[in-house]
Amino acid sequence: MTKEDILKLRDSAEQTRVQFKERVSSDNKYDVSCEMTAMSNTHGGLIVVGVNDKTGNVNPLSYQEVQETTNLLGSLASEGVVPQMLIDVETVQIDGGNLIVATIKEGLNKPYHDSKGIVWVKQSSDKRKVFDNAELAEMMSQCGSFAPDEAAVKDFSINDLDEQVVKKFLLNRFSMVMEKSGVSEANLRDFTLEQMVHLVVGGISLEGLLRNLRFIRPDGKMTVAAVLLFGKYPQRWLPAYTVKCISYVGNSVGGTTFRDKVRDSDMEGCLLHQYDAVMNFFTRNLRTVQVDQEFNTLGKLEIPYSALVEFTVNALVHRSLNWKAPIRIFIFDDRVEIHSPGELPNGLTVEDIMKGTSMPRNEFLFTNANYLLPYTGAGTGIVRAMKENPTVTFENQESSHEFVVIFRRESTVVVHQESNQESNQESNQESNIVKPIRVSLTGAQKDIVNFCSVPRSAQEIMNRIGLSNQSANRKRHILPLVDMGVLEMTIPEKPNDRNQKYRKKRSN
């Protein structure tokens, strides 16, 4: 590293991976060891000694200070961080003396803690303490010292398996054996599970086969992967490992009006069941696009089906099993969002996955799920999905511990305020455009919308319909119209502003 490189870092101010210290001494050595700990637990970083972290002024170290600081940094790395770590120390000559640059690599034995037993991670230019067991488990998973998909599930037994799903898994897992024995998807129900197990390995029981395949641990307990892949009702034991699907009216996650909302009971089941339920949710809530000249030909989903398949399977298989939170799928008028618990693992970036880099988070689950779910497991799925040209962006949200896929939709909401809309349907057919979502308004709602042809306050609207201006009444009568996109706020950036008014939204 050169003097110019350091000055560029200084001028860009402290960031996640860079910290400046004017000096390292007995007075601040604990703080420096905490910085080392945080960088080791995150993505590594640099500690530059000889630059004031408050003013940015350069204060070079003398030859003797260089020797003392180098020794102290080495001591902190071996004694102030547990387990001990190795650092690279470089001396950079500048006018009047030297600067020291200590390079801390991302650790391979996370979580690291300081001499007081506290675990630190970087957060922007600062650091924070870690108390959450899920976050500690995630660190251990990244280092390979803990595999959550191979963890034990208490009280789950073979009697809790979905027999038909296990049969389908065996059919695909041992396809060559099954094909020679005449077992196929078409006649799968003609064979019992015991018969199929016998075809795989004669004289072995289902329990023995599952042990050989590592779905049953040496201690006799079923793994998380087994429960997710084969369980009849996995949510009885793993309630957080499910999917929440909501189709909103409008574009706000805070909306109170829904077009569709999948009940929790309808999502209960193994990953294959969850996958089918999610894809059904997409197909009944997304529009179809007429792509051929003939109107009677089948249309295509507005978002390529193959892309939805890829990102749905990714969410189910690659979600973090340490964060006890469901996958969340939202459909808005202008976008579709898939929220998967856990940011990208092992330092992967969005650019990496778009190039096809594959680094599975739940390796055991990943290698077995492809016998039930439609993916190759070769890391090329996202590349192939992107060839369908969906308008999609990715957000790796480390602060909220989730990875978000966002598909953009054309906003084509058409509100029926008149009874005769036959001509709109005909024009849509002729121009082969996306079919609009139609929202019918009640007579009272139409009156509010027309009343707001000029901006009206909440009080004026409540007076119009004869109700008191209370929060519950506003949520019931005004906000749904905002969510539908037929009313808009005059001060949208400050929803609770006392001067807020509502007006009829102009059609584009």
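Throughout, residue positions are numbered sequentially from 1 according to the sequence presented. All values derive from a computational prediction rather than experimental measurement.
Closest approach of Lys475 to Thr256, counting heavy atoms only: O-OG1, 4.2 Å. Across all their heavy atoms, Lys110 and Cys143 have their closest contact at N-SG, 3.3 Å.
Ala315 meets the side-chain contact (heavy atoms from CB on, under 4.5 Å) test with Ile327, Ile338, Ser340; sequence neighbours excluded.
Both cation-pi conditions hold for Arg335 and Phe332: the charged atom is under 6.0 angstrom from the six-membered ring centre and inside a 45 degree cone around its axis.
One N or O on the side chain of Asp160 and one on the backbone of Ser157 form a donor-acceptor pair closer than 3.5 Å. Side-chain atoms of Arg17 come within 3.5 Å of backbone atoms of His43 as a donor-acceptor pair (strictly under, hydrogens ignored). The backbone N or O of Leu46 sits nowhere less than 3.5 Å from a side-chain atom of Gln19 that would complete a donor-acceptor pair. Between the Asp149 side chain and the Leu365 main chain, a donor and an acceptor come within less than 3.5 Å of each other. Judged purely by atom type and a 3.5 angstrom limit, Asp88 has no side-chain atom pairing as donor or acceptor with the backbone of Thr103. A side-chain donor-acceptor contact under 3.5 Å links Asn362 to the backbone of Val317. With Thr312 contributing its side chain and Val309 its backbone, the two residues share no donor-acceptor pair below 3.5 Å. Checking side-chain atoms of Asn396 against main-chain N and O of Glu343 turns up no donor-acceptor pair under 3.5 Å. With Asn41 contributing its side chain and Pro111 its backbone, the two residues share no donor-acceptor pair below 3.5 Å. Counting only distance, with no hydrogens or angles, the side chain of Asn187 and the backbone of Gly182 share a donor-acceptor pair below 3.5 Å.
Distance CG/Asp260 to CZ/Arg284: 4.0 Å, rounded to 0.5 Å. The CG atom of Leu344 sits 7.5 Å away from the CZ atom of Arg361 when rounded to the nearest 0.5 Å. The distance from the NZ atom of Lys168 to the CG atom of Leu272 is 5.0 Å, given to the nearest 0.5 Å. From Asp276, atom CG reaches atom CG of Leu271 across 11.0 Å, with rounding to the nearest 0.5 Å. One distance of note links CG of Leu206 with NE2 of His198; it measures 14.5 Å at 0.5 Å rounding. With values rounded to the nearest 0.5 angstrom, Ser141 atom OG is found 12.0 Å from Glu363 atom CD.
Inter-residue side-chain proximity for Arg173 and Val200 is flagged as unmet; no heavy-atom pair is nearer than 4.5 Å.
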So Phe230 and Phe156, ring-ring contact (aromatic ring centres under 6.0 Å, His included) or not? Walk me through it.
CA-CA 11 Å; Phe230 311 129; Phe156 187 92; 9.5 Å; no
Please evaluate residues Phe282 and Phe311 with respect to the criterion ring-ring contact (aromatic ring centres under 6.0 Å, His included), reporting the C-alpha separation (whole Å), side-chain torsions for both, the decisive distance (0.1 Å), and the verdict.
CA-CA 12 Å; Phe282 280 137; Phe311 292 113; over 10 Å; no
Could you go through the side chain to side chain contact (heavy atoms under 4.5 Å, CB included) check for Glu138 and Ser320 one step at a time?
CA-CA 8 Å; Glu138 190 75 356; Ser320 169; 2.7 Å; yes
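Asp155 and Trp237 form no side-chain donor-acceptor contact under 3.5 Å, judged by distance and modelled atom types alone.
A salt bridge is absent between Lys116 and Asp114; no separation between the charged side-chain nitrogens and carboxylate oxygens falls under 4.0 Å.
Results of the salt bridge (charged side-chain N to carboxylate O under 4.0 Å, His left out) test with Glu135 over Lys324, Arg128, Lys129 single out Arg128 as the only residue that passes. When Thr393, Leu308, Ile331 are each tested for a side chain to side chain contact (heavy atoms under 4.5 Å, CB included) with Phe407, only one passes: Leu308.
Heavy-atom contacts from other residues, nucleotides or ligands closer than 6.0 Å to CG of Leu193 number more than 12. Heavy-atom contacts from other residues, nucleotides or ligands closer than 6.0 Å to NE2 of His477 number more than 12.
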